[in-house]
Amino acid sequence: MQVFCLYFMHFKCVRLILLQEEFCMLDPKVVRANPQEVALLLSKKGFQFPLERFLDLEEQRRSVQVETEQLQNERNTRSKSIGQAKASGQDIAPLLAEVGQLGEKLDVAKAALQNIQASLDDLLLGVPNLPDASVPEGASEDDNVEVRRWGQPASFDFDVKDHVALGERDAILDFESAAKLTGSRFAVMKGGLARLHRALAQFMLNTHVSDHGYTEMNTPFMVNADSLMGTGQLPKFEEDLFKLPFGDRSYYLIPTAEVPLTNLARDQILEANQLPLKMVAHTPCFRSEAGASGRDTRGMIRQHQFEKVELVHLVEPQRSMEALDELTGHAERILQLLELPYRVVALCGGDMGFGAAKTFDIEVWLPGQDKYREISSCSNMTDFQARRMLARWRNPQTGKPELLHTLNGSGLAVGRTLVAVMENHQLADGRIKVPEVLLPYMGGMTHI
RNA sequence: GGAGGGAUGGCUGAGUGGUCGAAAGCACCGGUCUUGAAAACCGACGAGUCGAGAGGCUCCCAGGGUUCGAAUCCCUGUCCCUCCGCCA
């Protein structure tokens with residue numbers, strides 16, 4: 001409780017600070033106006049902003065753009081006068097001669113501008129979102145700050161098994177078969193365990209729809225490059241994705257439903273009365289885990305394919321930090337109903353994702369590993385994704401389209417939740433007790 | 001897979017080489033009227049970008065091309081619709 005209060009007060013301060021600071025987003029204008037401050041904030045995330053190069057490119061862009069626009073203006077004016085002369089039956093030959101080399105000069109200027117612009121875009125697309133002022137300093141997960149705990153890890157009067165050992169009975173969790181079918185980092189589930197896995201997903205989906213006011217969505221599991229650009233997985237993190245060549249382009253398997261759900265707002269202008277838009281989807285997720293060889297190779301914690309129930313909010317900018325608390329709470333509620341002890345940590349700058357301004361991880365207690373492990377990650381992306389995908393709403397106060405704020409969080413990762421249920425609700429004989437809230441989904445099965 | 005048609009502002013939809021960033025309607029916003037609201041009427045009303053401002057520039061699916069000048073003509077691609085074939 002004490003922790004909670006402290007956390008809350010802290011949060012209030014942060015909101016105040018945010019209101020004063022204009023540059024809580026990665027707006028080109030903002031970068032231009034406060035390059036030093038931006039660079040400083042980004043360094044909190046462990047990112048070194050190429051300040052010199054940016055300022056240099058900006059300077060070039062400015063002068064070339066002015067030149068180009070002047071040439072265009074001249075051309076437009078002259079073309080217009082040719083049209084008028086022609087209409088009034090005058091001789092236009094001398095006018096045509098005058099415009100002669102204007103076109104060539106314009107082409108040169110345009111090409112130069114395009115080059116500079118492309119370099120600038122390249123640079124800016126690779127820059128992560130600015131961390132919120134409340135984000136703890138730090139380089140790795142060791143610097144994350146615990147915000148609160150729920151539940152008491154159970155003490156067992158027998159030797160606890162991890163989920164891999166528990167799954168060996170009758171091969172209900174079968175990694176060997178999966179390796180035969182596909183390769184490493186896949187799993188086959190059987191019988192009651194497969195059903196429990198399905199029950200978990202159904203239960204989460206139902207809870208978010210019925211109790212938390214989300215709209216259930218069903219989306220494609222493959223997306224195009226534009227969508228991944230919008231949410232920030234591309235261009236920087238292509239090696240984390242499964243890519244499917246298709247004709248002369250490629251589709252990608254979604255690494256999270258955040259991609260299709262958030263991109264629904266791409267190139268849209270939403271009316272204020274449509275907000276907040278809260279969506280939930282149950283999808284498989286595919287990750288190459290390129291940078292994780294050797295990590296979590298045992299068991300179901302880190303797979304190439306897993307299922308997840310994902311929560312996405314699209315909200316007015318002023319409300320986004322509030323929405324992050326709400327979203328995190330919705331994910332937590334699933335763990336509470338499943339009677340799984342967990343803690344919530346605020347990620348430090350160095351551990352945060354590319355597009356996030358603020359992230360809470362929820363870590364569930366795993367008796368088999370004797371530690372808390374990530375089971376959900378809830379982030380406020382502020383306007384970072386919205387800017388990339390041009391997702392906007394019409395602000396009634398200004399009458400103008402303005403960028404939305406986007407948030408997402410797992411509610412929850414189904415595979416990891418299954419692991420947590422197995423390990424936390426295991427019995428001395430190696431069976432698993434089905435949590436009460438899942439009984440309606442289990443067709444009379446009380447144990448597995 | 002074959003044959004056609006289409007893509008224009010928040011939406012519907014006109015516009016086939018020269019003041020077209022674009023008619024009209026709807027929606028939204030402001031006002032008149034009303035106890036209040038609705039209706040009616042009047043007015044404003046796309047977005048981005050540069051600029052202190054005046055104003056400039058860009059954008060009519062995307063990318064190329066023709067032209068002094070392209071929403072409009074040509075080429076390529078994407079998506080949508082209709083018909084035929086195939087299909088869970």
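Each chain gets a letter, A, B and so on, in the order the sequences are listed, and its residues count up from 1.
Across the strands present, B/C61 finds its partner in B/G77; the criterion is a Watson-Crick or G-U wobble pair with both atom distances under 3.5 angstrom. Within the shown strands, B/U82 is the pairing partner of B/A3 under the Watson-Crick or G-U definition, both distances less than 3.5 Å. Nucleotide B/A14 has no partner under the Watson-Crick or G-U criteria, as no pair reaches both atom distances under 3.5 Å. Using Watson-Crick or G-U wobble geometry with both donor-acceptor distances under 3.5 Å, B/A40 finds its partner in B/U32. Across the strands present, B/G51 finds no partner; the criterion is a Watson-Crick or G-U wobble pair with both atom distances under 3.5 angstrom. Look at B/U67: it lacks any Watson-Crick or wobble partner with both distances under 3.5 angstrom.
Note on A/I269: only backbone sugar-phosphate atoms sit closer than 4.0 angstrom, heavy atoms only; bases stay farther off. Counting non-hydrogen atoms under 4.0 angstrom, A/P401 reaches the backbone sugars and phosphates but no base.
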message: Evaluate A/V312 against A/T406 for side-chain contact (heavy atoms from CB on, under 4.5 Å), listing each step before the verdict.
response: CA-CA 7 Å; A/V312 164; A/T406 64; 5.8 Å; no

- prompt: Would A/F384 and A/F354 count as a ring-ring contact (aromatic ring centres under 6.0 Å, His included) if you check the C-alpha gap in whole Å, the side-chain angles of each, and the deciding distance to 0.1 Å?
  reply: CA-CA 10 Å; A/F384 181 82; A/F354 185 66; 5.5 Å; yes

- prompt: Are A/E59 and A/R62 close enough, and set up right, to give a salt bridge (Lys or Arg N to Asp or Glu O under 4.0 Å), and what steps lead you there?
  reply: CA-CA 5 Å; A/E59 181 57 42; A/R62 209 181 272 254; 5.2 Å; no

task: Check step by step if side chain to side chain donor-acceptor pair (under 3.5 Å) holds for A/S227 and A/N224.
output: CA-CA 6 Å; A/S227 294; A/N224 57 32; 3.2 Å; yes

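What separates CD of A/Q65 from P of B/U58 is a distance of 11 Å, to the nearest Å. Distance CD (A/Q117) to C1' (B/U58): 12 Å, rounded to an integer number of Å. Rounded to a whole Å, the CZ atom of A/R266 is 13 Å from the C1' atom of B/C61. Taking atom CG of residue A/D267 and atom P of nucleotide B/U8, one finds them 13 Å apart after rounding to whole Å. In this structure, A/E67 places its CD atom 17 Å from C1' of B/U58, rounding to the nearest Å. Between the C1' atom of B/G69 and the CG atom of A/D107 lies a distance of 14 Å, rounded to the nearest Å. Straight-line distance from the CD atom of A/Q72 to the P atom of B/G21: 14 Å, rounded to whole Å. As rounded to whole Å, 13 Å separates atom P of B/A47 from atom CG of A/N395.
Salt bridge annotation for A/E326-A/R319: present, with a cationic side-chain nitrogen under 4.0 angstrom from a carboxylate oxygen. Salt bridge present: A/D296 and A/R302 bring a charged side-chain N and a carboxylate O closer than 4.0 Å.
Side-chain to base pairing of A/K86 with B/G18: one donor and one acceptor N or O lie within less than 3.5 Å of each other.
Contact annotation: A/N73 side-chain N/O to B/C57 OP1/OP2 distance is under 4.0 Å. Contact between the side-chain N/O atoms of A/N76 and the OP1/OP2 oxygens of B/G69 is not found at any separation under 4.0 Å. The shortest distance between the side-chain N/O atoms of A/R394 and the OP1/OP2 oxygens of B/C29 is not below 4.0 Å. Not one side-chain nitrogen or oxygen of A/K80 sits closer than 4.0 Å to the OP1 or OP2 atom of B/G69.
Heavy-atom contacts from other residues, nucleotides or ligands closer than 6.0 Å to NZ of A/K180 number 12 or fewer. When the shell of 6.0 Å around CD of A/E436 is examined, it contains 12 or fewer heavy atoms from other residues, nucleotides or ligands.
When each of B/G51, B/C50, B/C68 is scored by its nearest atom to the side-chain atoms of A/R62, the top-ranked nucleotide is B/G51. Listed nucleotides: B/C57, B/C50, B/C68. Nearest to the side chain of A/V99: B/C68.
Sequence order on RNA chain B of the closest nucleotides to A/R78 and A/Q70 puts A/Q70 first from the 5' end. Place A/P396 and A/V66 on RNA chain B by their nearest nucleotides, and A/P396 ends up nearer the 5' end.
Comparing B/A62 with B/A54, their C1' atoms sit 35 Å apart, to the nearest whole Å. B/G55 and B/G5 have their P atoms separated by 45 Å, with the value rounded to a whole Å. Using P as the reference atom, B/C28 and B/G10 are 16 Å apart when rounded to the nearest Å.
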For nucleotides 79-81 of chain B, list the nitrogen or oxygen atoms of the protein found under 3.5 Å from its nitrogen or oxygen atoms, one pair per line.
{"residue": "B/C79", "atom": "OP1", "partner": "A/R249", "partner atom": "NH2", "Å": "3.1"}

Give every pair of a protein N or O atom and an N or O atom of nucleotides 70-72 of chain B that lie under 3.5 Å apart, one pair per line with the distance.
none

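In terms of modelled atom types and a separation under 3.5 Å, the side chain of A/K45 and the main chain of A/G353 share a donor-acceptor contact.
Classification of the A/H212-A/Y214 ring pair by plane angle, with boundaries at 30° and 60°, yields perpendicular.
Looking only at atom types and distance, the side chain of A/Q70 has no donor-acceptor partner in the side chain of A/E74 under 3.5 Å away.
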